[in-house]
Student: 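Questions regarding the structure given below will be posed in turn.
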Amino acid sequence: MESWVRDGSQRAHGYELLSWDDTVPDEHLGAFLDLLLVMNDAPTDDLELNDFTISPGQWRDVQAQAAAVGQQRWFLVARRSSDGALAALHDLAWVPAFPQVMWTGSTGVRREDRGHALGKWLKASMTLRVLAERPGVSDIRTDNATSNEAMLSINHAMGYRPLFAIRHWELLVEKSQA
């Protein structure tokens with residue numbers, strides 16, 4: 001992971017990392033929420049899911065609920081130096097009720113910014129931060145579709161292992177039997 005971080009700025013020349021704790025600053029909120037929609041591109045296999053949207057008010061409500069349970073969240077984004085656009089994100093959450101675990105919220109890279117190892121750079125940087133600042137954390141948990149080869153390759157290289165599998169079932173109402 002240290003080499004991924006060391007090589008990150010060379011592989012992703014023209015990008016810089018921004019880090020925020022607990023809240024996304026107001027001056028970046030609109031761009032961040034737009035970037036968060038990259039998760040609509042995440043593989044869903046055969047499920048028919050609607051794209052999600054989120055408003056600044058909804059986001060602040062989510063943050064208020066998280067703060068109410070003591071959740072702490074770390075955000076790391078890659079920003080293109082040429083135009084200041086946010087290109088990729090990774091975030092982790094920690095709650096006092098489970099002090100040994102941190103959970104991944106999202107990891108995503110805009111289509112036009114893929115191919116620069118931004119996901120590796122973000123995940124490795126964040127994991128090294130966990131090791132340095134949260135010595136009581138023994139597990140970082142993440143999830144993704146089994147068809148998400150790009151993220152699976154990063155996770156495998158980092159040493160993630162399967163913990164459990166979730167199978168989502170979908171019933172199309174018009175095809176159901178009454």
Student: Is it the case that one hydrophobic cluster holds both M39 and V62, taking links as side-chain heavy atoms less than 4.5 Å apart, direct or via other members?
Tutor: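 Per the 4.5 Å side-chain linkage, M39 and V62 are not co-clustered.
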Student: Are D143 and F164 close enough that some pair of their side-chain heavy atoms sits under 4.5 Å apart?
Tutor: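 Not touching, per the 4.5 Å side-chain cut-off.
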Student: Show, in sequence, the C-alpha distance, side-chain angles and deciding distance for W121 and Y15, and conclude whether the ring pair (Phe, Tyr, Trp, His ring centres under 6.0 Å) test is met.
Tutor: CA-CA 11 Å; W121 191 16; Y15 294 87; 7.8 Å; no
Student: If I compare all heavy atoms of L152 with all of N144, which pair ends up nearest, and what's the gap?
Tutor: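 Minimum heavy-atom separation between L152 and N144: CD2-ND2, 3.1 Å.
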Student: Is there a side-chain contact between W74 and V130 in this structure, where contact means two heavy atoms from C-beta onward sitting under 4.5 Å apart?
Tutor: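 W74 vs V130: side chains touch.
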Student: Could you check whether any side-chain heavy atom of R79 comes within less than 4.5 Å of a side-chain heavy atom of E16, counting everything from C-beta outward?
Tutor: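 In contact.
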Student: I need the minimum non-hydrogen distance between W59 and L29, along with the two atoms involved.
Tutor: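 Closest pair (atom of W59, atom of L29, distance): CD1-CD1, 3.5 Å.
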Student: Which pairs, with at least one residue in residues 92-111 and sequence neighbours excluded, count as a salt bridge (charged side-chain N to carboxylate O under 4.0 Å, His left out)?
Tutor: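 For residues 92-111, and leaving out neighbouring residues, the salt bridge (charged side-chain N to carboxylate O under 4.0 Å, His left out) pairs sorted by first residue read D34-R110, D41-R111.
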Student: Is it the case that the side chain of D91 and the backbone of S106 share a donor-acceptor pair, with hydrogens and angles ignored and the cut-off at 3.5 Å?
Tutor: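 Checking the backbone N and O of S106 against the side chain of D91, a donor-acceptor pair under 3.5 Å is found.
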Student: Taking L131 as the starting point, is it possible to reach V101 by hopping between hydrophobic residues whose side chains are less than 4.5 Å apart?
Tutor: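 Different clusters.
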Student: Can you confirm whether more than 12 heavy atoms, excluding those of Q100, are under 6.0 Å from its CD atom?
Tutor: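 Above 12, so yes.
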Student: With a 4.5 Å heavy-atom cut-off, do I140 and L92 have their side chains touching?
Tutor: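 They are in contact (side-chain heavy atoms under 4.5 Å apart), so the answer is yes.
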Student: Quick one: are Q65 and Q71 in side-chain contact, heavy atoms under 4.5 Å?
Tutor: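 They are not in contact (no side-chain heavy atoms under 4.5 Å apart), so the answer is no.
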Student: Does the distance from a Lys or Arg side-chain N to an Asp or Glu carboxylate O, for D113 and R80, drop under 4.0 Å?
Tutor: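 So D113 pairs with R80 through a salt bridge.
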Student: Quick one: CG on D139 to CG on L163, what's the gap to the nearest 0.5 Å?
Tutor: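 Reported to 0.5 Å precision, the distance equals 7.5 Å.
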Student: Between Q58 and I54, which heavy-atom pair has the shortest distance, and what is it?
Tutor: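 Heavy-atom minimum between the residues: OE1-CA, 3.3 Å.
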Student: Please assess R129 against S19 for the test side chain to side chain contact (heavy atoms under 4.5 Å, CB included), listing each intermediate value before the final yes or no.
Tutor: CA-CA 11 Å; R129 181 179 177 191; S19 177; 3.8 Å; yes
Student: Could you pull out all residues at least two apart from P99 that satisfy side chain to side chain contact (heavy atoms under 4.5 Å, CB included)?
Tutor: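 By the side chain to side chain contact (heavy atoms under 4.5 Å, CB included) rule, P99 matches W94.
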Student: Would you indicate whether the side-chain heavy atoms of L122 and T107 approach each other to under 4.5 Å?
Tutor: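 Answer no - side chains too far apart.
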Student: Could you give the distance from CE (M1) to OG (S125), rounded to the nearest 0.5 Å?
Tutor: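 Separation between the atoms: 10.5 Å.
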Student: Between Q63 (side chain only) and D22 (backbone N and O only), is there a donor and an acceptor less than 3.5 Å apart?
Tutor: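 Pair found, side chain donor or acceptor close to backbone of D22.
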Student: Hydrophobic clustering (ILVMFWY, side-chain heavy atoms < 4.5 Å, transitive) - are V109 and Y160 grouped together?
Tutor: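 They do share one cluster, since a chain of ILVMFWY contacts under 4.5 Å joins Y160 to V109.
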Student: Just wondering, do W20 and V77 contact through their side chains at under 4.5 Å, heavy atoms?
Tutor: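 V77 vs W20: side chains touch.
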Student: Step by step, work out the side chain to side chain contact (heavy atoms under 4.5 Å, CB included) result for M102 and R141.
Tutor: CA-CA 6 Å; M102 289 192 84; R141 299 194 180 163; over 6 Å; no
Student: Would you check if H90 and F75 make a side-chain contact, meaning some heavy-atom pair closer than 4.5 Å?
Tutor: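 When only atoms from C-beta onward are counted, F75 and H90 do not touch, as no gap falls below 4.5 Å.
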Student: Check A12 against L118 and note the closest heavy-atom contact, atom names and distance.
Tutor: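 So the minimum-distance heavy-atom pair works out to CB-CD2, 3.5 Å.
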Student: Test K120 against R11 for side chain to side chain contact (heavy atoms under 4.5 Å, CB included), laying out the working first.
Tutor: CA-CA 10 Å; K120 283 182 173 182; R11 293 216 41 207; 4.1 Å; yes
Student: Using the side chain to side chain contact (heavy atoms under 4.5 Å, CB included) rule, take L89 and L76 through it: C-alpha gap first, then chi angles, then the decisive distance, then the call.
Tutor: CA-CA 6 Å; L89 75 138; L76 192 58; over 6 Å; no
Student: Applying the 4.5 Å side-chain criterion to the ILVMFWY set and letting contacts propagate, would F32 and L17 be lumped into a single cluster?
Tutor: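 Looking at the clustering, L17 is in a separate group from F32.
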Student: Once the angle between the rings of F98 and W103 is folded into 0 to 90°, is it parallel (under 30°), tilted (30 to 60°) or perpendicular (over 60°)?
Tutor: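 F98 and W103: perpendicular rings.
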Student: Determine the minimum heavy-atom distance between G70 and P96, stating which atoms define it.
Tutor: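 Of all heavy-atom pairs spanning G70 and P96, the closest is O-CD, 3.3 Å.
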